[in-house]
Amino acid sequence: MGGTSSKLAKDLLSEYQELTFLTKQEILLAHKIFSELQGGGNGPYISRVSKAKILTLPELKANPFRERLCQVFSTSDLKDGSLSFEDFLDLLSAFSDSATLEIKSHYAFRIFDFDDDGTLDAGDLEKLVNCLTGETDDTRLTAEEMRQLISNILEESDIDKDGTVNLSEFQHVISRSPDFVR
Ligand SMILES: [Ca+2]
Ligand SMILES: [Ca+2]
């Protein structure tokens, strides 16, 4: 068995198992995928993979929030959406089947908060809806449909009526319809 440099050290592996909701097999698979993105698997754990490369993963192709996923999970000081291996594990962990609803909704909220100001306002909701419907002309909502939909969403979720959805309001909605996070 060659290529020991691409193997994940045993102590790191058990540490990652403790810190994430992932199984040993899932972590090893993640490591294999990440090493391939790094190009050969000889890179140190700290080296990051660019957002452009992460977005080539077939698993993300169909995800309308893939850009936001990179942005939210990236710990890069440059805010460039690049992921370290640990960022990548955090991403997989948050959306794994074993993650708690609270964790999932916390990250879903951050992904939907496009301008990162800690609250979902009409602008964020419009972007969210556009991500879900796709932005082609035949699927996109008309301005009037969009206005109506956003007003319905706020009606349902904006409990304190300040015109935006904060994290606890969001989590309240999610607790009533947990399927939403998927
Ligand atoms: Ca916002
Ligand atoms: Ca509110």
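Atoms within a ligand are numbered from 1 in the order they appear, just like the ligands themselves.
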Exercise for review: For side chain to side chain donor-acceptor pair (under 3.5 Å), just list the numbers for Asp87 and Thr75, CA-CA rounded to whole Å, side-chain angles, deciding distance to a tenth of an Å, and then say yes or no.
Suggested key: CA-CA 7 Å; Asp87 295 343; Thr75 54; 2.9 Å; yes

Exercise for review: Determine, step by step, whether Glu169 and Ser157 satisfy the side chain to side chain donor-acceptor pair (under 3.5 Å) criterion, reporting the C-alpha distance in whole Å, the side-chain angles of both residues, the deciding distance to 0.1 Å, and the verdict.
Suggested key: CA-CA 6 Å; Glu169 290 169 336; Ser157 41; over 6 Å; no

Study note, to complete from the structure: Excluding water, the protein N, O or S atoms sitting under 3.0 Å from the Ca ion (ligand 2) are Asp158 OD1, Asp160 OD1, Asp162 OD1, Thr164 O, Glu169 OE1, Glu169 OE2

**Study point:** Atom name in Asp113, limited to N/O/S, at shortest distance from the Ca ion (ligand 1)
**Key:** OD1

Exercise for review: Check the angle between the aromatic planes of Tyr16 and Phe85 and answer parallel, tilted or perpendicular using the 30° and 60° thresholds.
Suggested key: perpendicular

Review point. Can you tell me the N, O or S atom of Asp115 that's nearest the Ca ion (ligand 1)?
Key: OD1

Review point. Can you find a side-chain donor-acceptor pair between Asp117 and Thr119 that sits under 3.5 Å?
Key: no

Check your understanding: Side chains of His106 and Leu167: closer than 4.5 Å at any heavy-atom pair?
Key -> yes

Check your understanding: With sequence neighbours left out, which residue pairs that include part of residues 139-164 fulfil the salt bridge (charged side-chain N to carboxylate O under 4.0 Å, His left out) condition?
Key -> Glu135-Arg140, Asp137-Arg140, Glu144-Arg147

Check your understanding: Relative to Phe114, does Arg68 satisfy both conditions: NZ or CZ under 6.0 angstrom from the six-membered ring centre, and within 45 degrees of the ring's axis?
Key -> yes

Review point. Restricting to N, O or S atoms of Asp117, which is nearest to the Ca ion (ligand 1)?
Key: OD1

Check your understanding: Any side-chain donor paired with an acceptor under 3.5 Å for Ser96 and Ser93?
Key -> no

Check your understanding: Taking just the N, O or S atoms of Asp124, which one is nearest to the Ca ion (ligand 1)?
Key -> OD2

